[in-house]
Amino acid sequence: MERTQARHEALDLDESDLLRMYRAMLLARRVDERSWILNRQGKAAFVISCQGQEAAQVGAAYNMRPGYDYVYPYYRDAAITLFLGQSARDQFLSLLGKKEDPNSGGRQMPGHFSSRKLNIVTASAPVGVQYPQAVGSALAFKMRGEDGVVLVSGGEGSTSQGDWHEAMNFAGLHDLPVIFLVQNNAYAISIPEKLEVAGSIASRAAGYGFPGHAVDGNDVLAVYETAKEAFERARRGEGPTLIEARTYRLTAHSSDDDDRRYREREEIEEWRQKDPILRFEKYLAEVEVLDEEKREEIDAEIKAEVAEASDYAESAPYADPEEVLERVYAEV
Ligand SMILES: Cc1ncc(C[n+]2csc(CCOP(=O)(O)OP(=O)(O)O)c2C)c(N)n1
Ligand SMILES: [Mg+2]
């Protein structure tokens with residue numbers, strides 16, 4: 001009997017693509033889980049998580065050409081930056097504020113990802129500032145006649161900032177090659193979506209003259225498909241796209257937040273049933289790309305990589321006090 005075409009085949013993805021996506025999602029999850037342990041052990045001062053948002057991040061980033069396209073990530077985008085080529089070691093060096101931290105040499109809070117080689121541009125801490133900057137990079141691509149694309153990412157709360165609207169307007173006005181990835185995880189710290197977002201985020205794009213799509217952010221293939229169309233459109237010079245990936249933050253806002261004060265445990269449990277990694281594993285089993293033995297093998301490899309990276313970062317030195325002003329001012 002002829003088999004119907006699998007979803008990934010319709011998207012021109014093969015088994016190795018699926019496993020690359022899966023590994024990136026799982027690595028991000030395991031790094032994140034380890035980060036919380038380091039926090040509880042008193043070794044990491046502050047953790048901000050990507051747990052629950054891995055599909056939205058990897059599905060979008062899978063369309064990027066690392067080191068050519070640009071990304072302006074936000075603090076939860078560990079799965080994007082790991083997928084693009086930052087390592088588990090890089091993440092822990094940053095988490096523990098060590099000298100070798102590639103993001104800032106131990107100066108910035110965790111979650112401020114940066115890599116000149118990978119075109120990952122660091123964000124500053126005020127919510128939403130990445131959007132106008134990203135649009136500026138997209139304008140540069142356009143002015144140079146290059147086909148680079150800029151991915152800029154943030155939470156649904158950030159779409160209430162003026163910066164987001166100014167950036168959306170400018171991108172629409174000049175048909176810029178930029179993709180706005182809004183990871184709608186239902187909360188901005190303790191504030192639920194219905195108290196922070198007027199109307200629908202995806203439909204706002206129409207007001208700025210370009211397409212907006214709402215997509216199941218816990219389905220990596222659905223996000224990939226929507227983002228693929230957006231990247232192709234941008235490369236053809238047809239302008240921006242807004243993607244609202246509907247998802248859920250599985251941890252508290254950060255290690256300094258007590259989420260028992262504003263959301264029910266049952267709600268989190270419901271979303272755990274829709275965990276993007278478990279969902280993808282189910283799909284991979286259905287299309288016979290992953291069986292239990294292979295899943296355990298991949299998980300063991302990733303856990304070993306994470307343990308090694310975490311140990312390495314723990315024993316790595318802090319920056320020398322004399323270097324404190326370096327990489328802060330152009331000249332000391
Ligand atoms: C301009 C500004 N206001 C407030 C804050 C404090 N703050 C940090 S993260 C955050 C919530 C943002 O929510 P959202 O954009 O939905 O992202 P999420 O954390 O849910 O992924 C707030 C209010 C800030 N950093 N900058
Ligand atoms: Mg949010």
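First listed ligand is number 1; within each ligand, the first listed atom is number 1.
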Peer 1: Should the pair K274 and Y248 be classed as cation-pi, given the thresholds of under 6.0 Å to the six-membered ring centre and 45° from the axis?
Peer 2: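 No cation-pi geometry.
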Peer 1: Using a strict 4.0 Å cut-off to heavy atoms of G155, name the atoms of ligand 1 that fall inside it.
Peer 2: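 Reading through ligand 1 atom by atom, the close ones are 14 (P), 15 (O), 16 (O), 17 (O).
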Peer 1: Near R76, which atoms of ligand 1 are under 4.0 Å from a heavy atom of that residue?
Peer 2: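 Counting atoms of ligand 1 from 1, those under 4.0 Å from R76 are 18 (P), 19 (O), 21 (O).
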Peer 1: Taking distance alone, with no angle check, do I189 and ligand 1 share an N/O pair under 3.5 Å?
Peer 2: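 No, I189 has no N/O under 3.5 Å of an N/O on ligand 1.
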Peer 1: Below 2.8 Å, any N, O or S contact between Q183 and the Mg ion (ligand 2)?
Peer 2: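 So Q183 does not count as coordinating the Mg ion (ligand 2).
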Peer 1: Is Y187 touching ligand 1 with its side chain, its backbone, both, or neither, if touching means heavy atoms under 4.0 Å apart?
Peer 2: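 Backbone only.
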Peer 1: Would you mind listing which atoms of ligand 1 come within a distance below 4.0 Å of any non-hydrogen atom of N185?
Peer 2: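 Selected atoms, number and element: 18 (P), 20 (O), 21 (O).
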Peer 1: If we set the cut-off at 4.0 Å for heavy atoms, which region of V127 has an atom near ligand 1: side chain, backbone, both, or neither?
Peer 2: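 The answer is both, backbone and side chain.
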Peer 1: Non-hydrogen atoms of G154 versus ligand 1: any pair closer than 4.0 Å?
Peer 2: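 In this structure, G154 fails to qualify as a contact of ligand 1 - no heavy atom is under 4.0 Å.
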Peer 1: Look only at interatomic distance and state if G157 has a nitrogen or oxygen under 3.5 Å from any nitrogen or oxygen of ligand 1.
Peer 2: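 Yes; the residue has a nitrogen or oxygen that sits under 3.5 Å from a nitrogen or oxygen of the ligand.
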Peer 1: In terms of residue, atom name and distance, what is the protein heavy atom nearest to atom 9 (S) of ligand 1?
Peer 2: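 Checked against all protein heavy atoms, atom 9 (S) of ligand 1 sits closest to Y75 OH, 3.1 Å.
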Peer 1: Taking the six-membered ring for Trp, are H8 and Y283 parallel (under 30°), tilted (30 to 60°) or perpendicular (over 60°)?
Peer 2: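 Perpendicular: the ring planes of H8 and Y283 meet at over 60°.
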Peer 1: I'd like to check P276 versus V220 (side-chain heavy atoms, cut-off strictly below 4.5 Å). Are they in contact?
Peer 2: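 Side chain of P276 against side chain of V220, heavy atoms only: no contact under 4.5 Å found.
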Peer 1: Just which atoms of ligand 1 are under 4.0 Å from any heavy atom in P126?
Peer 2: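 This gives 26 (N) as the contact atoms.
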Peer 1: Students often mix this up, so state it plainly: with edges at 30° and 60°, are the rings of F141 and Y70 parallel, tilted or perpendicular?
Peer 2: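 If you compare the ring of F141 with that of Y70, the planes turn out perpendicular.
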Peer 1: Tell me whether the rings of F180 and F210 are parallel (<30°), tilted (30 to 60°) or perpendicular (>60°).
Peer 2: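 F180 and F210: parallel rings.
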Peer 1: Looking at atom 3 (N) of ligand 1, is any protein heavy atom nearer than 4.0 Å to it?
Peer 2: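 No; the ligand atom in question lacks any protein heavy-atom contact below 4.0 Å.
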Peer 1: I'd like to know if R89 and E305 make a salt bridge, using a cut-off of under 4.0 Å between side-chain N and carboxylate O.
Peer 2: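 No, this pair does not count.
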Peer 1: Name the closest protein heavy atom to atom 15 (O) of ligand 1, giving the residue it belongs to and the distance to 0.1 Å.
Peer 2: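 Scanning the protein heavy atoms, the shortest distance from atom 15 (O) of ligand 1 goes to S158 N, 3.0 Å.
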Peer 1: Begin with the C-alpha distance, continue with both residues' side-chain angles, and end with the deciding distance and a verdict on side chain to side chain contact (heavy atoms under 4.5 Å, CB included) for E244 and H213.
Peer 2: CA-CA 6 Å; E244 178 188 358; H213 306 284; over 6 Å; no
Peer 1: Would you say the side chains of W271 and D275 form a donor-acceptor pair under 3.5 Å?
Peer 2: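 There is no such pair (donor and acceptor under 3.5 Å, judged by atom type) between the side chains of W271 and D275.
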Peer 1: Using 2.8 Å as a strict upper limit, say whether an N, O or S atom of E156 approaches the Mg ion (ligand 2) that closely.
Peer 2: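 Yes.
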Peer 1: Any atom of ligand 1 sitting under 4.0 Å from a heavy atom of Q183?
Peer 2: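 No, that is not the case, since the closest heavy atom of the residue is not under 4.0 Å from the ligand.
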Peer 1: Please report which non-hydrogen protein atom sits nearest to atom 25 (N) of ligand 1, along with the residue it belongs to and the distance in Å to one decimal place.
Peer 2: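 The closest one turns out to be A125 O, 3.2 Å.
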Peer 1: For R249, is at least one N or O under 3.5 Å away from an N or O on ligand 1?
Peer 2: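 No - when backbone and side-chain N and O of R249 are compared with those of ligand 1, no distance drops under 3.5 Å.
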Peer 1: Side chains of Y131 and S158: do they bring a donor and an acceptor to under 3.5 Å?
Peer 2: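 There is such a pair (donor and acceptor under 3.5 Å, judged by atom type) between the side chains of Y131 and S158.
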Peer 1: Kindly indicate whether the side chain of V197, heavy atoms from C-beta on, has any atom under 4.5 Å from the side chain of R204.
Peer 2: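 SC-SC contact between V197 and R204 confirmed.
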Peer 1: Heavy atoms of the protein only: does one fall short of 4.0 Å from atom 6 (C) of ligand 1?
Peer 2: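 Answer no: nothing from the protein, no heavy atom, is under 4.0 Å.
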Peer 1: Short list, please: which atoms of ligand 1 are under 4.0 Å from a heavy atom of Y74?
Peer 2: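 Answer, ordered by atom number: 17 (O), 21 (O).
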Peer 1: Report the relative orientation of the aromatic rings in Y62 and Y224; use parallel for angles under 30°, tilted for 30 to 60°, perpendicular for over 60°.
Peer 2: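 Ring orientation, 0 to 90° scale: perpendicular.
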Peer 1: Check whether any N, O or S atom of Y187, backbone or side chain, sits closer than 2.8 Å to the Mg ion (ligand 2).
Peer 2: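 A backbone or side-chain N, O or S atom of Y187 is under 2.8 Å from the Mg ion (ligand 2).
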Peer 1: If you measure from the Lys or Arg side-chain nitrogens to the Asp or Glu carboxylate oxygens, is any gap between D147 and R236 under 4.0 Å?
Peer 2: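 Not counted as a salt bridge, because no side-chain N and carboxylate O are separated by less than 4.0 Å.
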Peer 1: Just jot down the ligand 1 atoms closer than 4.0 angstrom to any heavy atom of Q161, in number order.
Peer 2: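 Reading through ligand 1 atom by atom, the close ones are 1 (C).
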Peer 1: Under the 6.0 Å and 45° cation-pi test, does R34 pair with F92?
Peer 2: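 Geometry flag: not set, cation outside 6.0 Å or 45°.
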